[in-house]
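These notes concern the structure reproduced below.
The sequence lines fix the lettering, A, B, ..., with proteins before strands; numbering per chain opens at 1.
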Protein chains: 2
Amino acid sequence: MGSGRVQPRALRPGGRTTRVRAQVLQAAGDVLAEQGFTHLDLADVARRAGVGKTTVYRRWGTVAGLVADLLIDMAEQSLPRTETGILLDDLKANAQLVRRTLADARQGSLFKSIIAAAMCDARAASAMHGFYDTRIAEWVPCVQQAIERGEVPQGTDTHKVIRAVSAPLYYHLLVTGDSIDETMADQAAQAAVIAARAGVYMRPGHS
Amino acid sequence: MGSGRVQPRALRPGGRTTRVRAQVLQAAGDVLAEQGFTHLDLADVARRAGVGKTTVYRRWGTVAGLVADLLIDMAEQSLPRTETGILLDDLKANAQLVRRTLADARQGSLFKSIIAAAMCDARAASAMHGFYDTRIAEWVPCVQQAIERGEVPQGTDTHKVIRAVSAPLYYHLLVTGDSIDETMADQAAQAAVIAARAGVYMRPGHS
DNA sequence: CCATTAAGGGAACTGGAGTCCTGTTATGGG
DNA sequence: CCCATAACAGGACTCCAGTTCCCTTAATGG
């Protein structure tokens, strides 16, 4: 092929491309929060973002693809984590953070839309799994430290403990529509700690 | 208005109407399980049900409306409940029932689609809440009996205990796509019992 | 049985989501 | 500073989900 140096891919992440992505993701988040998953058409997103409709279709293709990219973006924006030195208090802080997120008008609606997308499309689903993996991993050290302090038994599955905190809150969102009160969030943390102490969340292969 | 007796509503629940509903709901469930929420168009449902497209649009109108009616139908089909006399065993049975439902190819996909619908539409959401209310209420007596036996403290919120069993299973479905193993279901039951015994799920106003 | 009228069926119509084509902008290398 | 081209913008086009209109079927009451 003569001089055909196969350029592996000459992407242009500079200026405009990045700006367009930011604008589109912002608009997509707005629409998802305001109108919901089913009312999201890409033309509308493009209009709000002040961007050509073709661009959105070319780069993201489908609603689910857009949600997937939005989740990747969200996962990168890490939230600060408290560290009190007492497992219960750390988990209460986590539970309250989740509660506030789901209670917030914009964030709450946005998460509902994201869940809807994940239930409909495999790509959006795995993006969401990645998002939660990231968020859960941020809080795992709390449990790890509790193990080292002897608060919970050796061989405890740290991820399971963190998941046990959020689970009742998300489930509540699912089965009853109403928002989660602070008491319930604290209860979720308490239940997680008590079960972890009792050795319910042991990794397989530990006594 | 002369002879205008205002007939409150002269519905015809006989033969055909009921049959059409059953056929349409069956088809709707099939499509939701096979194709998912986003790929559900009412014309396709009508074709599968062997029913006129207009009929489906007239009676149910939207995808969400169809899901709502499907949930009402599902809530009516009650499932048998075991009663062992030991709270942990009862809740393990419940957890395994939920696990099997979500693990089943058809049922699992169907539930994902239903959740998607509920996250998009208020009517579908309240239908789903009603469905879960029914299902949870069926298992509440297990906890009530445990209170009477003294297994868990007086003043325990029975509904919260039942919800605590399902919560980790649904959350797992959400956060990681993979199916739920039997160990995890048992753990969910164990955690619920331990937390309930410790008095985490007390109704407000009890010591 | 027959009359009445809910309820269903068929087919043409329509609006907007998604695609395609063509021209324009601005990024990055030299 | 300039060229090559990645990436964007605009508008015409297509196709089908959802609507509308009108006719047919069959449930109900007497």
Interatomic distance where CZ belongs to B:Arg21 and P belongs to C:dA7 [whole Å]: 14 Å
Among D:dA9, C:dG8, D:dC8, find the nucleotide with the atom closest to the side chain of A:Thr17. D:dC8
Rounded to the Å, how far apart are A:Arg47 CZ and D:dG10 P? 12 Å
Quick check for you: among D:dG18, D:dC8, D:dA9, whose closest atom lies nearest to any side-chain atom of A:Val51? D:dA9
What about A:Thr54, does its side chain sit under 3.5 Å from the base of D:dG10 through a donor-acceptor pair? yes
Below 4.0 Å: OP1/OP2 of C:dG9 and any side-chain N or O of B:Thr55: yes
Within this structure, what is the CD-to-P distance between B:Gln23 and C:dG8, rounded to whole angstrom? 11 Å
Counting only side-chain heavy atoms from C-beta out, which of D:dG18, C:dA17, D:dA26 sits nearest to A:Asp41? C:dA17
I need the CZ-P distance between B:Arg16 and D:dT28, as an integer number of Å. 11 Å
Going by an N to O cut-off under 4.0 Å, is there a salt bridge joining B:Arg59 and B:Asp69? no
If I take atom NE2 in residue A:His39 and atom P in nucleotide C:dG16, what distance separates them, rounded to the nearest angstrom? 14 Å
Expressed in angstrom and rounded to an integer, what is the separation of A:Arg19 atom CZ from D:dA7 atom P? 14 Å
Contact class for A:Arg58 vs. all strands (heavy atom < 4.0 Å): base, sugar-phosphate, or nothing? base
Could you tell me the separation between the CD atom of A:Gln145 and the CD1 atom of A:Ile86, rounded to the nearest 0.5 Å? 12.5 Å
Decide yes or no, distance alone: a donor-acceptor N/O pair under 3.5 angstrom between the base of D:dG10 and the side-chain of A:Lys53. no
Are B:Ser78 and B:Arg135 side-chain neighbours, meaning at least one heavy-atom pair lies under 4.5 Å? no
Parallel under 30°, tilted from 30 to 60°, perpendicular over 60°: which one fits the rings of A:Tyr132 and A:Phe111? tilted
Return whichever of B:Leu40 or A:Arg59 has its heavy-atom-nearest nucleotide of DNA chain D closer to the 5' end. A:Arg59
Rounded distance in Å - OH (A:Tyr57) to P (D:dA12): 17 Å
If you count every heavy atom of other residues, nucleotides or ligands that lies below 6.0 Å from B:Lys92 atom NZ, does the total exceed 12? yes
Separation of atom CG in A:Leu66 from atom C1' in C:dG18, rounded to whole Å: 14 Å
